[in-house]
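Taking it in order: structure first as C-alpha cells, then the write-up.
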Amino acid sequence: MRTSEPGTPGTPGTPGGVRTPYRVCFVCTGNICRSPMAEAVFRDHAARAGLAELVETSSAGTGGWHEGDGADSRTVAVLTAAGYVHEHVARQFRRDWFERLDLVIALDEGHLRDLRRLAPGPGHARKVRLLRSYAPGAGDDSCDLDVPDPYYGGPEGFEECLALVEEAVPGLLEEVRAALGRPAGDGRTGGGAALL
C-alpha cells in the first residue's frame, strides 16, 4: 500500500488539470470510530471504481485523545464482517493539511463547524463537506446529515454508522470521479489505495 505524508504535493496528471493523487480526508472526533469506517468504505469503493491510483484516502480526528491508537474494536468488527480491508492509526487533524487536501469530509455538523473554523482561509473552508450531504435525499427534511457517534453504545450503533456511511459514499465518489474527469464506469486504473 502506497503512503504519503501531509505536505507532500500531488502532481498534475488528469485531463481536467486536477492534481493527482486527489486527496480526501474523513474527520470525526477521536479518529477511532466513524472516520476510520468512512475511510475504509470510501477506499474500497474507489478501488472498485478503478480510481485507487488517483485517489488517496485518509482520516483524522478533531481532537488528539486517541493519537497512536488503532480503531475501536467495534469498528474493526463491523468492517471485518462487511468485508472491508482496514489498517488504522489514529491522529489529529492539522491546520496545515488543508493546503494539500482536496476534500475534508466531516462526519457531523460539529466537526464541520470545527474544521471550517480551523481553515486558514475561505478557499480552504470550502473544501469541508458533510459526508451525509452526498446521501440520496440529502436535501429532504427526513434525511439526517449527521452520522451519530456510536462510541457510547453497543454494536448496533456501529452497524447503523456503517449503513449511513455506505449510503453516502457512492455520491461522494461521483463528485471525486467528476473532479478527476472520469465518467462513471471508467475503470482504467487499479491497484491499492493510499493514505495521506
Side-chain angles (χ1 to χ4, degrees), residues 6 18 22-46 49 51 55-66 71-72 75 78-79 82 84 86 88 90-95 97-153 157-180 193 195-196:
V18 174
Y22 190 91
R23 292 182 168 146
V24 181
C25 184
F26 295 90
V27 182
C28 68
T29 306
N31 194 213
I32 59 169
C33 297
R34 291 171 286 178
S35 57
M37 193 177 291
E39 176 187 0
V41 172
F42 183 77
R43 178 180 292 124
D44 180 78
H45 279 68
L51 300 176
V55 179
E56 286 188 3
T57 309
S58 62
S59 66
T62 56
W65 310 280
H66 298 286
D72 185 286
T75 294
V78 166
L79 287 172
Y84 292 106
H86 51 87
H88 184 68
R91 59 201 184 140
Q92 185 174 5
F93 189 89
R94 308 285 184 222
R95 179 184 173 124
W97 294 1
F98 274 105
E99 196 60 42
R100 302 297 181 206
L101 291 168
D102 296 287
L103 283 175
V104 179
I105 304 297
L107 273 290
D108 69 28
E109 292 273 1
H111 307 132
L112 183 78
R113 286 191 301 273
D114 290 346
L115 289 162
R116 286 186 172 164
R117 278 196 297 264
L118 185 65
H124 300 97
R126 283 192 292 273
K127 296 179 180 183
V128 185
R129 317 275 174 77
L130 275 172
L131 175 62
R132 294 282 300 158
S133 69
Y134 295 98
D140 301 341
D141 291 338
S142 61
C143 182
D144 191 346
L145 296 183
D146 284 352
V147 176
D149 187 352
Y151 184 76
Y152 295 103
F158 288 80
E159 291 164 6
E160 177 192 11
C161 181
L162 179 60
L164 292 171
V165 167
E166 287 180 323
E167 185 180 44
V169 159
L172 172 59
L173 184 63
E174 284 311 305
E175 178 165 312
V176 171
R177 190 195 295 272
L180 291 167
L195 296 166
L196 173 72

Worked check of side-chain contact (heavy atoms from CB on, under 4.5 Å) between Ile105 and Val27: CA-CA 6 Å; Ile105 304 297; Val27 182; over 6 Å; no
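- Rounded to the nearest 0.5 angstrom, Glu99 CD and His124 NE2 are separated by 4.0 Å.
- No side-chain heavy atom of Glu160 sits under 4.5 Å from any side-chain heavy atom of Pro150.
- Nearest heavy atoms, Arg116 versus Ala125: NE-O, 3.5 Å.
- Residues Tyr84 and Glu166 bring a donor and an acceptor atom of their side chains to less than 3.5 Å of each other.
- Side-chain contact between Thr75 and His86 is absent, with no heavy-atom pair separated by less than 4.5 Å.
- The minimum heavy-atom distance linking His66 with Ala90 is given by the pair O-CB, 3.2 Å.
- Distance alone, capped at 3.5 Å, is enough to place a donor-acceptor pair between the Asp149 side chain and the Tyr151 backbone.
- Using a 4.5 Å heavy-atom threshold, the side chains of Phe26 and Asn31 count as separate.
- Counting heavy atoms from C-beta outward, Cys33 and Asp72 have side chains that approach closer than 4.5 Å.
- Contact annotation: the side chain of Phe158 never approaches that of Leu79 to less than 4.5 Å [non-hydrogen atoms, C-beta and beyond].
- Here the straight-line distance linking atom CZ of Arg94 with atom CG of Leu118 works out to 10.0 Å at 0.5 Å rounding.
- Looking at Asp108 and His111, their side chains do bring a donor and an acceptor atom within 3.5 Å of each other.
- A distance-only check finds a donor-acceptor pair linking the side chain of Asp146 to the backbone of Glu109 [under 3.5 Å].
- Considering all non-hydrogen atoms of both residues, Trp97 and Ala60 come closest at CZ3-CB, 3.7 Å.
- With Arg132 contributing its side chain and Leu164 its backbone, the two residues share a donor-acceptor pair below 3.5 Å.
- The backbone N or O of Val24 lies less than 3.5 Å from no partner atom in the side chain of Asp102, so there is not a single donor-acceptor pair.
- Residue Leu180 holds its CG atom at 10.5 Å from CD of Glu175, rounded to the nearest 0.5 Å.
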side-chain contact (heavy atoms from CB on, under 4.5 Å) assessment of Val169 paired with Val165: CA-CA 6 Å; Val169 159; Val165 167; 3.9 Å; yes
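- Between Ala82 and Leu162, the closest heavy-atom pair is CB-CD2, 3.8 Å.
- Side-chain contact check for Tyr22 and Glu56: no donor-acceptor pair (N or O, by modelled atom type) lies under 3.5 Å.
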Worked check of side-chain contact (heavy atoms from CB on, under 4.5 Å) between Leu172 and Leu103: CA-CA 10 Å; Leu172 172 59; Leu103 283 175; 3.8 Å; yes
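- Contact record, Leu130 with Leu107: CD2-C, 4.3 Å, taken as the closest heavy-atom pair.
- The minimum heavy-atom distance linking Met37 with Val78 is given by the pair CE-CG1, 4.4 Å.
- By the 4.5 Å heavy-atom criterion applied to side chains, Val176 and Val55 are counted as neighbours.
- A 4.5 Å side-chain heavy-atom check between Phe42 and Leu173 finds at least one atom pair inside the cut-off.
- Put simply, the side chain of Tyr134 reaches to within 4.5 Å of the side chain of Arg129, judged on heavy atoms.
- If you check the side chains of Ser59 and Arg34, you find no donor sitting under 3.5 Å from an acceptor.
- Not counting sequence neighbours, the partners of Arg126 by the side chain to side chain contact (heavy atoms under 4.5 Å, CB included) test are Pro122.
- Taking the centre of each ring, Phe98 and Phe93 come in below the 6.0 Å mark.
- Here the CD atom belonging to Glu39 is positioned 10.5 Å from the SG atom belonging to Cys28, to the nearest 0.5 angstrom.
- Distance check, rounded to the nearest 0.5 Å: OG of Ser35 to CZ of Arg91 gives 9.5 Å.
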